[in-house]
Protein chains: 2
Amino acid sequence: MSTKNKILDAAESLFATQGFNGTSLREITSQAEVNLAAVNYHFGSKKELIKSVMSRYMNELSPRLESALVEVCKRDNLNLLEVFSAFIEPLLSLNDFKENGTSNFLQLLGRGYSDSQGFLRWFLTTQYPGVINNFVKAVQKAYPELTAEEMFWRLHFTMGTVVFTMSSSDALIDIAKSDFDKTMDIAGVIKKVIPYVAAGVSAPLL
Amino acid sequence: MSTKNKILDAAESLFATQGFNGTSLREITSQAEVNLAAVNYHFGSKKELIKSVMSRYMNELSPRLESALVEVCKRDNLNLLEVFSAFIEPLLSLNDFKENGTSNFLQLLGRGYSDSQGFLRWFLTTQYPGVINNFVKAVQKAYPELTAEEMFWRLHFTMGTVVFTMSSSDALIDIAKSDFDKTMDIAGVIKKVIPYVAAGVSAPLL
DNA sequence: GCACAGTTTAAACAAGCGTTTGAAATAACG
DNA sequence: CGTTATTTCAAACGCTTGTTTAAACTGTGC
């Protein structure tokens with residue numbers, strides 16, 4: 001395993017559980033068992049390391065997500081639950097790509113939107129606009145009465161729901177176990193949140 | 001204006017816009033025009049300062065919120081849109097309590113859930129359980145078929161929606177202005193998010 | 001075997017952080 | 001006024017952070 005990949009793996013799991021600002025380069029290089037200076041040698045800076053960790057997942061996920069959305073868009077009588085359900089399989093496929101891939105990626109996404117004053121938000125929306133465009137197209141077909149402005153708001157609410165849920169999913173899974181004796185994993189959380197956001201976006205216009 | 005209040009005011013606005021970890025005591029005392037050591041003299045530590053900033057709002061808000069929820073609970077044929085709408089007036093009343101009070105408080109709440117590994121979450125849920133209990137009671141009356149477990153998940157999704165939306169509300173308001181030429185304020189955002197979360201929690205059980 | 005590029009290493013750097021100190025300034029009170 | 005008690009202040013402390021340095025090591029091609 002190359003030094004570069006050792007760093008990426010260690011950074012990924014630490015970033016997911018502690019956030020970007022909450023994880024120091026010394027923690028990362030120590031867990032990766034490489035020298036501290038290796039991060040700046042191979043990636044240039046911490047910011048570039050964060051981008052690299054995210055890109056590794058986005059390059060894997062975004063084509064699958066795009067084709068799943070294109071596919072669902074072909075259906076007749078499309079509803080929003082079907083649109084949002086299109087995310088499930090591509091997301092869960094990240095578990096084949098890497099252990100805990102789905103969970104790690106979604107948590108990273110959550111961190112990216114709360115930590116570091118939103119530079120990751122800019123990075124993702126400018127680097128991977130295809131996913132967003134296809135998603136908007138599908139929502140439009142499933143709910144044509146929704147104005148562009150209302151869709152803007154509701155998609156951001158949805159982003160918030162998912163991102164917040166995933167960045168605190170460990171705590172939520174623990175509570176579900178202790179309070180309701182239900183053993184949950186990240187796939188279970190996704191299946192719980194999909195009907196919620198679908199209903200939210202489907203809400204009648206006032 | 002006392003030194004203590006100068007610090008609280010400066011800390012409040014800086015925490016709201018930059019987060020807790022993203023704001024240093026030197027920034028706070030510089031904006032408050034007091035000495036750096038004043039924070040530790042008056043509050044003991046940064047952590048205690050954070051608690052004080054939040055308590056100032058919670059002590060103002062929680063009784064209003066509780067009585068609004070008790071009031072709405074008395075209605076017949078209660079639906080979830082009514083339950084969530086009960087939050088609007090108490091939240092907006094924070095603008096009388098302090099300039100930008102509503103916006104600041106909701107953003108602080110958002111920060112509290114993402115920053116600082118959730119110690120604020122613990123603080124709020126243990127210090128102000130009355131609000132949560134009354135809220136759960138109202139939701140239960142409006143949607144009796146909802147199991148305790150499903151309610152747990154959906155209320156956390158709702159928390160995520162609100163918290164994320166509010167911590168990024170400045171950016172969202174800017175986008176709404178530039179993309180749709182709609183001038184928004186925090187009250188407008190609240191009125192957009194209420195139907196969304198009401199529909200989400202109202203989603204049919206699978 | 002030598003030279004050269006690529007990589008790893010220990011050490012230091014400069015800057016920022018929250019907190020503590022002890023003396024100076026101010027306020028309160030008999 | 002004089003004597004406490006409270007509050008302010010500049011300075012420093014100890015620690016952590018991301019980044020840089022320059023020397024040592026590794027491997028590949030000539």
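Chain identifiers are assigned alphabetically (A, B, ...) following the order of the sequence lines, protein sequences preceding nucleic acid strands; residue numbering begins at 1 within each chain.
When atom types are taken as modelled, the side chain of R154(A) and the backbone of A203(A) share a donor-acceptor pair closer than 3.5 angstrom.
Here the rule is ring-ring contact (aromatic ring centres under 6.0 Å, His included) with F105(B), and of F97(B), F87(B), Y57(B) only Y57(B) fits it.
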For nucleotides 22-27 of chain D, 5' to 3', base contacts (B), sugar-phosphate-only contacts (S) and non-contacts (-) with protein non-hydrogen atoms under 4.0 Å give ------
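N104(B) CG to E99(B) CD: the interatomic distance, rounded to the nearest 0.5 Å, is 9.5 Å.
Here the P atom of nucleotide dT7(D) and the CG atom of N5(B) are 13 Å apart, to the nearest Å. Look at CD on E33(A): it is 15 Å from C1' on dT8(C), rounded to the nearest Å. When rounded to the nearest whole Å, the span between CD of Q18(A) and P of dT16(D) equals 15 Å. Per the geometry, NE2 belonging to H42(A) stands 15 Å off P belonging to dT19(D), to the nearest Å.
Counting heavy atoms of neighbouring residues, nucleotides and ligands inside a 6.0 Å radius, atom CD of E27(B) exceeds 12 of them.
Ionic pairing of K98(A) and E60(A) is not present here: no N-O contact between side-chain nitrogen and carboxylate oxygen is shorter than 4.0 angstrom. At a threshold of 4.0 Å, the pair E150(B)-K192(A) counts as salt-bridged, since one of the basic side-chain nitrogens sits closer than that to a carboxylate oxygen.
Q127(A) and S55(A) are not linked by any side-chain donor-acceptor pair at a separation below 3.5 angstrom, with hydrogens and angles left out of the test.
Scanning both residues, A176(A) and W153(B), for their nearest heavy atoms gives CB-CZ2, 3.7 Å.
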Dump every N/O contact between nucleotides 16-21 of chain C and the protein below 3.5 Å, one line per pair.
{"residue": "dC17(C)", "atom": "OP1", "partner": "S24(B)", "partner atom": "OG", "Å": "3.1"}
{"residue": "dG18(C)", "atom": "OP1", "partner": "K46(B)", "partner atom": "NZ", "Å": "2.8"}
{"residue": "dG18(C)", "atom": "OP2", "partner": "L25(B)", "partner atom": "N", "Å": "2.9"}
{"residue": "dG18(C)", "atom": "N7", "partner": "R26(B)", "partner atom": "NH1", "Å": "2.8"}
{"residue": "dG18(C)", "atom": "O6", "partner": "R26(B)", "partner atom": "NH2", "Å": "2.8"}
{"residue": "dT19(C)", "atom": "OP2", "partner": "N40(B)", "partner atom": "OD1", "Å": "3.3"}
{"residue": "dT19(C)", "atom": "OP2", "partner": "K46(B)", "partner atom": "N", "Å": "3.0"}

